[in-house]
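Working notes, beginning with the structure itself.
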4 protein chains.
Amino acid sequence: MGSTSQPRRGNTRQRIQDVALELFAQQGYEKTSLREIAEQLDVTKAALYYHFKTKEDILVSIFEDLNKPVEDLIIWGETQPRTLETKTEILRRYSEALARSAPLFRFMQENQATVRDLSIGETIKHRVLGLVDLIKDPDAPLTDQVRCFSALFTMHAGMLALKDVDGDPEEKRKAALEVAVELVTRAHDPDAPR
Amino acid sequence: MGSTSQPRRGNTRQRIQDVALELFAQQGYEKTSLREIAEQLDVTKAALYYHFKTKEDILVSIFEDLNKPVEDLIIWGETQPRTLETKTEILRRYSEALARSAPLFRFMQENQATVRDLSIGETIKHRVLGLVDLIKDPDAPLTDQVRCFSALFTMHAGMLALKDVDGDPEEKRKAALEVAVELVTRAHDPDAPR
Amino acid sequence: MGSTSQPRRGNTRQRIQDVALELFAQQGYEKTSLREIAEQLDVTKAALYYHFKTKEDILVSIFEDLNKPVEDLIIWGETQPRTLETKTEILRRYSEALARSAPLFRFMQENQATVRDLSIGETIKHRVLGLVDLIKDPDAPLTDQVRCFSALFTMHAGMLALKDVDGDPEEKRKAALEVAVELVTRAHDPDAPR
Amino acid sequence: MGSTSQPRRGNTRQRIQDVALELFAQQGYEKTSLREIAEQLDVTKAALYYHFKTKEDILVSIFEDLNKPVEDLIIWGETQPRTLETKTEILRRYSEALARSAPLFRFMQENQATVRDLSIGETIKHRVLGLVDLIKDPDAPLTDQVRCFSALFTMHAGMLALKDVDGDPEEKRKAALEVAVELVTRAHDPDAPR
DNA sequence: TATGAATGAGATTTCATTCAT
DNA sequence: GATGAATGAAATCTCATTCAT
């Protein structure tokens, strides 16, 4: 929550995560050193090692905390019927999850090469594919599968590329969601009137 | 014939670029060391510095060489009328350029955080925005602007995320292009029958 | 008493400064590598970087420590009346300061080109000019100003060139001081009988 | 042959020496790389090696060319009677030699640590001591010997420290010479009236 | 809960030098 | 007279990590 006025006790772990995520998102994972993180927190590097086993562990812990909503979403989705309504709802919830953990997702988007080799790499891949599986039909033609992927990436892009476009972030998110829903709708019911 | 036995003289510069791009795309820019590149070429690190001023310079030179087609495409596009046909043609050509320089674009997609801070960062941003400008109308509603961004990202994704989908790469590329065209078409003529 | 068997903990910083100064004076700044310093101390190079930010920083820290007496001397001098007695006293004290920090001054004398570009360069220049200002009259004829500079350099030389002359160092220092005093005396009172 | 006209061709050797000396004096010997010299001359590093065997050799050759007058001066001095007139004349000629080869002497003054280890190191030491021998009496008291050294250093300083003093260089040189003569005069005839 | 001190590995870069052409 | 290509050695510096206290 509060980013500047932290009471000095008991929440160092959280503060490390906050600062680390901020720096990771700003500069990239490899270009952010533990020294920087420690300095910004006014602790020593060794203190980081009291709370986390490795540098990677810091990132993993952040990911695990912020990723839970998406995980839950997939679990929920798997119990629902594959109707268009369900798919739309999934997109809606996913869009909100993205918005809530924007820095993390921005980081993941911009550091794919890094993240791929880390232990979360597989998890992430699984998650994206799991999400796609919920909104696409396995036997759909290739074009429809592309539409589903595209829907997801559209929402990701909604947080990134659209930085350079004017307008309120929340509105941009909604516009991206709208386009995503449209894409999935077409994929879901190819015979719908165009 | 032989892909491993390189002719030893005269083309070192090119060979450095080739090996570097391969490794950059495979492992990421920061995790690829000059030692690795040199070893794979059976030259000393110092030889790299005879041909390039810095590590960054290697990447920049690769980028400048492979980026030319896209640059040309933008210049061409700026002289054309903003018809739907032009836009479609731009997408088609861009898709082909992407396919031809796949490793570079894959690298750029997966190393955005790195590339952003390099001297090519601004160039790339300019280029993407220049491309988007050719296919979107400046006064179009936000949703249509998203569609245009989405079209571009769909083609990028066509080279990346779709790795995990079965099927021939060329077919996947065409499917991505088709979806992109569709998105731009809708953005171009919002009143078209759906 | 042992000069080679150093107590291993707690005073590393000081030991680095000692060894560094010795090597800097012996071989010059640029020709002394951090590897050498580290090896002579039986520490790793990285340890040096724990205590000092850069190679230059090692030198700067040495300089700042040993320069204090001279700095104090200038401050003291500025509060005194510009009598011949004051000037003589300044020369006397300066001569002693030089003797006490002989290796540093020898280093500075022999590495002027290097020191000039370092961050201490300006400080040193300031200090020498500050010192000269205390012993020369601003409106004195050029010849008298030269005498004052010469007085200072005579004492510097007393530590250097006179190495190749026979005799006890302490006696040489006193002889140099005597000549310096004589020069300043003449500059102070040009009409004095010769 | 004998004439000193310098057309743009065929005098590369001389041009190398000129540029090298300028850079050596400006930045110091170690901090000046052959790359810099070559670039400033618009030739390749390898070209330098056609004309000189090593980097040191460039410096040595410069030194040998410019040092000749001083060498001659010493030889001449050795044939003269050790009168005060001779000594004065030596100082006068030396002062002129210094002025004529100012950059070289400035370089030597500021790079003593470097020069000491080079092959010219011994030569220089010899030369200074040879010069001193001409103006001091071997059995003179220590103070008088200091005066002689001081005379020499005063003239050196005349080219350096006096940079920061106002006034015409030629006048400053003459002032330095005057003080030097005075010092040697006293050393020569201690009983002279003061 | 943390720190102070240190390390081992490795990064990028620079340099003087060589040699076939 | 000079270049193009390359090398071997070394330099400065950074990093993630460890451990006794």
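Chain identifiers are assigned alphabetically (A, B, ...) following the order of the sequence lines, protein sequences preceding nucleic acid strands; residue numbering begins at 1 within each chain.
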From CA spacing to verdict: side chain to side chain contact (heavy atoms under 4.5 Å, CB included), B:Glu36, B:Gln27: CA-CA 11 Å; B:Glu36 268 178 299; B:Gln27 320 179 326; 3.1 Å; yes
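Geometrically, D:Lys55 does not engage D:Tyr49 in a cation-pi contact, judged by NZ or CZ lying under 6.0 Å from the ring centre and within 45° of the ring axis.
Listed pair C:Ser33 / F:dA11 meets the phosphate criterion, a side-chain N or O lying under 4.0 Å from OP1 or OP2. Contact check, C:Arg35 against F:dA11: a side-chain N or O comes under 4.0 Å of OP1 or OP2. Side-chain nitrogen and oxygen atoms of B:Tyr50 include at least one within less than 4.0 Å of the OP1 or OP2 phosphate oxygen of F:dA5. Taking side-chain N and O atoms only, A:Thr12 has a distance below 4.0 Å to OP1 or OP2 of E:dA2.
Contact check on B:Arg116 versus A:Glu110 returns a salt bridge, with a Lys/Arg side-chain nitrogen under 4.0 Å from an Asp/Glu carboxylate oxygen. In this structure, D:Lys68 does not pair ionically with D:Glu64, as no charged nitrogen and carboxylate oxygen lie closer than 4.0 Å.
Checking side-chain atoms of D:Asp57 against main-chain N and O of D:Lys53 turns up a donor-acceptor pair under 3.5 Å.
Mapping B:Leu34 and A:His51 onto DNA chain E by nearest heavy atom places A:His51 at the nucleotide closer to the 5' end.
If you measure from atom CD of D:Gln27 to atom P of E:dC15, you get 10 Å, rounded to the nearest angstrom. The distance between atom NZ of A:Lys31 and atom P of F:dC13, rounded to the nearest whole Å, is 21 Å. A:Lys45 has its NZ atom 13 Å from the P atom of E:dT7, to the nearest Å. In this structure, CD1 of C:Ile37 is placed 12 Å from C1' of F:dA11, rounded to the nearest angstrom. One atom, CG of B:Asn11, and another, P of F:dG4, lie 17 Å apart when rounded to the nearest Å. Protein atom CG of A:Asp42 is 12 Å distant from nucleotide atom P of E:dA2, rounded to whole Å. Between the CG atom of A:Asp57 and the P atom of F:dT18 there is a distance of 12 Å, rounded to whole Å. As a whole-Å value, the separation of D:Glu36 CD from E:dC15 P is 7 Å.
In this entry E:dC19 has F:dG4 as its Watson-Crick or G-U wobble partner, both defining distances falling under 3.5 Å. Across all strands shown, the partner of F:dA11 is E:dT12, judged by Watson-Crick or G-U wobble contacts whose two distances both fall under 3.5 Å.
With distances taken from any side-chain atom of A:Lys55 to the nucleotides E:dG4, F:dA16, E:dT7, the minimum falls on F:dA16. Among the nucleotides E:dT7, E:dT18, F:dT18, the one closest to the side chain of C:Ala46 is E:dT7. Listed candidates were F:dT14, E:dT12, E:dA2. Nearest to the side chain of C:Tyr49 is F:dT14.
Spacing of C1' atoms, E:dT1 relative to F:dT21, comes out at 13 Å, to the nearest Å.
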